[in-house]
Participant: 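Sharing a structure with you now.
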There are 2 protein chains.
Amino acid sequence: MKKNLKTNTYTNYPLFKGVNQNSINVIMNCFKSVEKEYKKGTYIWHAGDEASYVGIVVKGQVNIVKDDISGDRVIINTAYNPMIFGESYAIAKISEYPVSVQAAVDSKIILIDIDKLMIPCSVGCSFHNKVIKNLVEIIAKKNIKLNGRIECITKKTIKQKLVFYLIDEMKMNEKDEIQIPYNRNELSDYLNVNRSALSRVLSKLEEDGVLIFNKNKFRILDYNKIKEIMEN
Amino acid sequence: MKKNLKTNTYTNYPLFKGVNQNSINVIMNCFKSVEKEYKKGTYIWHAGDEASYVGIVVKGQVNIVKDDISGDRVIINTAYNPMIFGESYAIAKISEYPVSVQAAVDSKIILIDIDKLMIPCSVGCSFHNKVIKNLVEIIAKKNIKLNGRIECITKKTIKQKLVFYLIDEMKMNEKDEIQIPYNRNELSDYLNVNRSALSRVLSKLEEDGVLIFNKNKFRILDYNKIKEIMEN
DNA sequence: CTCCTTTTGTTGCATATGCAACATCATTAT
DNA sequence: ATAATGATGTTGCATATGCAACAAAAGGAG
């Protein structure tokens, strides 16, 4: 499971923005970080576990999920390379994770010890403070994303939630055809709607010529109708 | 409108945790902060405005809201003394506020210039870094609260949303009778449900002996029934 | 290829809730 | 006190969608 982290480059990771590879290597050792692989469907951690790590997605995709007593689940957020997850609990000093993290596909994750990350160390880690500053910016952005998430979920109809989500993703990727990181089941968990009801709405939208889709690829055809949907 | 800030104490504000009053006074001047009063219903800022300030609630209550094209609104969050708002946009360097902030009651707000807050100054502000660290912790906690918010909104029924919210508030206040910061209209915006439908559910819950309420005071009577509701 | 599993789409039915219109009660101003 | 305004509760109706059960399609393993 363990691996020599020095062989990888992490300069493109937001967490290490502005830090050169040599420093990252030092930091990584200083952090006592561990790289692990997770098969699709397995959990990086469960809600209720002791909050000890911040995760970096090296490969694959993880969903931050909340399962409830009645067997329902919501996908609260999704992280893929080069994103991180669990950082808020580190900073807010929460003792137990309130959410679970599950590998959506086979994934490779670096787990960093929370204490090591937050307490600047003495030797060799001159860039540690830089990392902490990066962390702050990441959290602030995630915060804003969560606001958008709430906006999406609170739309009245499935149609509106779906369209809001798709348009939002398209804006972010600056493309009018996007590939979403969810299958239907996951998308319904993300939008917080029933899967079959979602299918029904999707079929209707395609029938009405609003959009076309194939698997997890979506393209908007009629922006006027989209606008109409959102204004309704 | 303007006021000499030195006359007030701010040591109990999370933003100034660990900073003594003298330093706070220096910082406040260094920040070029302004104290303003807002009548109930007026806006501290609108979505789309240039993001220039972080707000501190000195008195009253503000709702962070998102209005959409179809005239619906969601209350994303609520801040009262001694909370702050708008800090994420400061740190994430977002140019326009995506949300509006409205005074829920007559309120007194300190507005701090974003740039002044984030860029450590040279003279006299030795505690500036401390403030920034406080800011980080605040954001992380808000992040976690937003997760809980999503969990609440995504409950299936109005009954479940309501109960989830009330129980959550009661846990936080460690009381079994609470006074919520919303009237019915605001509560419906917060839970993202129809006001009259909320009233209907409330009446039903009272009729069934699950809880009692008067205005914005709520008390749980039957925890078994509560449990049943959430497990259903 | 065939078999099995997973993913996705379809459909009938039940129902929670959005909506609108009105009633009741509380609050504030004159 | 009276009037006006706002907050809250009530109710009938329409409907979006949750749910369940099944069908169809796609993907993987042997």
Side-chain angles (χ1 to χ4, degrees), chain A residues 39-41 63 68 70-75 102-106 153-164 179-208 211-218 229-230 232, chain B residues 39-41 61 63 68 70-75 102-106 152-164 179-208 211-218 229-230 232:
Chain A
K39 285 280 169 204
K40 174 180 176 176
N63 290 328
D68 73 0
S70 48
D72 283 321
R73 86 163 5 184
V74 208
I75 295 179
Q102 185 182 32
V105 298
D106 293 355
I153 290 177
T154 54
K155 292 287 165 197
K156 279 192 300 285
T157 63
I158 294 182
K159 216 189 260 186
Q160 288 185 331
K161 291 180 204 210
L162 177 70
V163 164
F164 182 95
Q179 191 157 355
I180 68 172
Y182 303 123
N183 62 26
R184 291 291 175 283
N185 218 330
E186 290 169 329
L187 182 58
S188 72
D189 283 342
Y190 185 83
L191 299 178
N192 192 43
V193 298
N194 181 271
R195 186 197 58 80
S196 71
L198 173 62
S199 259
R200 176 165 40 202
V201 168
L202 274 171
S203 299
K204 187 64 170 33
L205 285 170
E206 192 167 44
E207 186 192 321
D208 292 349
L211 51 77
I212 45 171
F213 59 93
N214 184 274
K215 301 241 120 220
N216 59 343
K217 278 189 183 165
F218 293 79
I229 288 169
M230 294 313 287
N232 186 31
Chain B
K39 285 279 169 205
K40 172 179 177 177
Q61 179 188 325
N63 291 328
D68 73 0
S70 47
D72 284 322
R73 89 165 0 187
V74 208
I75 294 179
Q102 186 182 29
V105 297
D106 292 356
C152 176
I153 290 178
T154 55
K155 293 287 165 198
K156 278 194 300 286
T157 63
I158 293 181
K159 215 188 264 187
Q160 287 185 334
K161 289 179 204 210
L162 177 71
V163 165
F164 183 94
Q179 191 157 355
I180 67 172
Y182 303 124
N183 62 25
R184 293 289 177 282
N185 218 330
E186 290 168 330
L187 182 58
S188 72
D189 283 343
Y190 185 82
L191 299 178
N192 191 43
V193 298
N194 180 272
R195 185 197 58 81
S196 71
L198 173 62
S199 258
R200 176 165 41 202
V201 168
L202 274 170
S203 300
K204 187 65 172 32
L205 284 171
E206 193 168 45
E207 186 192 321
D208 293 348
L211 51 77
I212 44 171
F213 59 94
N214 184 275
K215 304 237 122 224
N216 57 345
K217 276 189 185 167
F218 293 80
I229 288 168
M230 295 313 287
N232 184 30

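Hydrogens, waters and symmetry mates are skipped; everything else that's a heavy atom, side chains included, is used. Lettering of chains follows the sequences in order, A, B, ..., and the numbering in each one begins at 1.
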Participant: Between A/L162 (CG) and C/dT8 (C1'), how many Å, whole number?
Facilitator: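 Nearest whole value for this atom pair: 15 Å.
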
Participant: Can you name the residues that form a side chain to side chain contact (heavy atoms under 4.5 Å, CB included) with A/T157, not counting sequence neighbours?
Facilitator: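 So A/T157 forms a side chain to side chain contact (heavy atoms under 4.5 Å, CB included) with A/K159, A/Q160.
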
Participant: For A/E206 and C/dT8, give me the distance from atom CD to atom C1', rounded to whole Å.
Facilitator: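 Those two atoms, CD and C1', are 12 Å apart.
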
Participant: Just the rounded figure in Å: distance from P of D/dA7 to CG of B/L202.
Facilitator: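 About 17 Å, once rounded to whole Å.
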
Participant: Go through D/dT10, D/dT17, C/dG9 for me and flag the one nearest to the A/S199 side chain.
Facilitator: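 Among the listed nucleotides, the one closest to the side chain of A/S199 is C/dG9.
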
Participant: With a 4.5 Å cut-off on side-chain heavy atoms, are A/I153 and B/N192 touching?
Facilitator: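 Of all side-chain heavy-atom pairs linking A/I153 with B/N192, none is under 4.5 Å.
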
Participant: Please report the distance, rounded to the nearest Å, between NZ in A/K155 and P in D/dA16.
Facilitator: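 Answer to the nearest Å: 18 Å.
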
Participant: What does B/K156 touch in the nucleic acid at a heavy-atom separation under 4.0 angstrom: a base, only the sugar-phosphate, or nothing?
Facilitator: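 Touches sugar-phosphate only.
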
Participant: Look at all strands and tell whether A/K204 reaches a base, only sugar-phosphate, or nothing, counting heavy atoms closer than 4.0 Å.
Facilitator: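 The answer is nothing, as A/K204 stays clear of every strand by at least 4.0 Å.
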
Participant: Nearest to the A/R200 side chain among D/dT17, D/dG12, D/dG27, which nucleotide is it?
Facilitator: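 The closest nucleotide is D/dT17.
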
Participant: Verify, without hydrogens or angle tests, whether B/Q102 (side chain) and B/N63 (backbone) share a donor-acceptor contact under 3.5 angstrom.
Facilitator: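 A pair under 3.5 Å: no.
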
Participant: For the pair B/D106 and B/K40, find out whether any cationic side-chain nitrogen is under 4.0 Å from an anionic carboxylate oxygen.
Facilitator: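 Here B/D106 does not pair with B/K40 in a salt bridge, since their nearest N and O are not under 4.0 Å apart.
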
Participant: Using a 3.5 Å distance criterion without hydrogens, assess whether the side chain of B/N216 forms a donor-acceptor pair with backbone atoms of B/I180.
Facilitator: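 It does hold such a pair.
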
Participant: Using five pairs at each end of the helix from C/dC1-D/dG30 to C/dT30-D/dA1 to define an axis, what is the angle between those two axes, to 10°?
Facilitator: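 What I find for the helix from C/dC1-D/dG30 to C/dT30-D/dA1 is an axis angle of 50°.
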
Participant: For the pair made of NZ in B/K161 and P in C/dG18, what is the distance, rounded to whole Å?
Facilitator: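 In whole Å, C/dG18 P and B/K161 NZ are 7 Å from each other.
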
Participant: Tell me, do B/L198 and B/L191 make a side-chain contact under 4.5 Å, heavy atoms counted?
Facilitator: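 A side-chain contact exists here, since the closest heavy-atom pair is under 4.5 Å.
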
Participant: Let's see if you get this right: which residues in residues 186-198 of chain A place a heavy atom under 4.0 Å from DNA chain D?
Facilitator: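 Output list: A/V193, A/N194, A/S196, A/A197.
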
Participant: Starting from P on C/dT27, measure out to CG on B/N183 and report it in whole angstrom.
Facilitator: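 Rounded to whole Å, this separation is 13 Å.
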
Participant: Could you please name the option among D/dG27, C/dG9, C/dC19 that lies closest to any side-chain atom of A/S203?
Facilitator: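 So the side chain of A/S203 is nearest to C/dG9.
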
Participant: Would you call A/R73 and A/D68 a salt bridge, taking side-chain N to carboxylate O under 4.0 Å as the test?
Facilitator: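 No, A/R73 and A/D68 are not salt-bridged.
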
Participant: Which whole-number value in Å describes the distance from B/I158 CD1 to D/dT10 P?
Facilitator: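 Value for this atom pair: 14 Å.
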
Participant: Whole Å only: how far is the CD1 atom of B/I229 from the C1' atom of C/dA16?
Facilitator: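 Between C1' of C/dA16 and CD1 of B/I229: 14 Å.
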
Participant: Would a 4.5 Å heavy-atom cut-off, applied to side chains only, mark B/L162 and B/F164 as touching?
Facilitator: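 The answer is no, as the side chains (C-beta and beyond) never meet within the 4.5 Å cut-off.
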
Participant: Quick check: do B/Y190 and B/N185 have side-chain heavy atoms less than 4.5 Å from each other?
Facilitator: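 Side chain of B/Y190 against side chain of B/N185, heavy atoms only: no contact under 4.5 Å found.
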
Participant: Just call it for B/Y182: base, sugar-phosphate, or nothing, with non-hydrogen atoms closer than 4.0 Å on any strand.
Facilitator: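 Nothing, no nucleic acid heavy atom in range.
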
Participant: Any carboxylate oxygen within less than 4.0 angstrom of a Lys/Arg side-chain nitrogen, looking at B/D189 and B/R195?
Facilitator: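 No salt bridge links B/D189 with B/R195.
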
Participant: With nearest nucleotide decided by heavy atoms, which residue, A/D72 or A/K215, maps closer to the 5′ end of DNA chain D?
Facilitator: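 This one resolves to A/D72.
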
Participant: Would you tell me if any nitrogen or oxygen in the side chain of A/R184 comes within less than 4.0 Å of OP1 or OP2 on C/dG9?
Facilitator: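 A/R184 to C/dG9 OP1/OP2: side-chain N or O found under 4.0 Å.
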
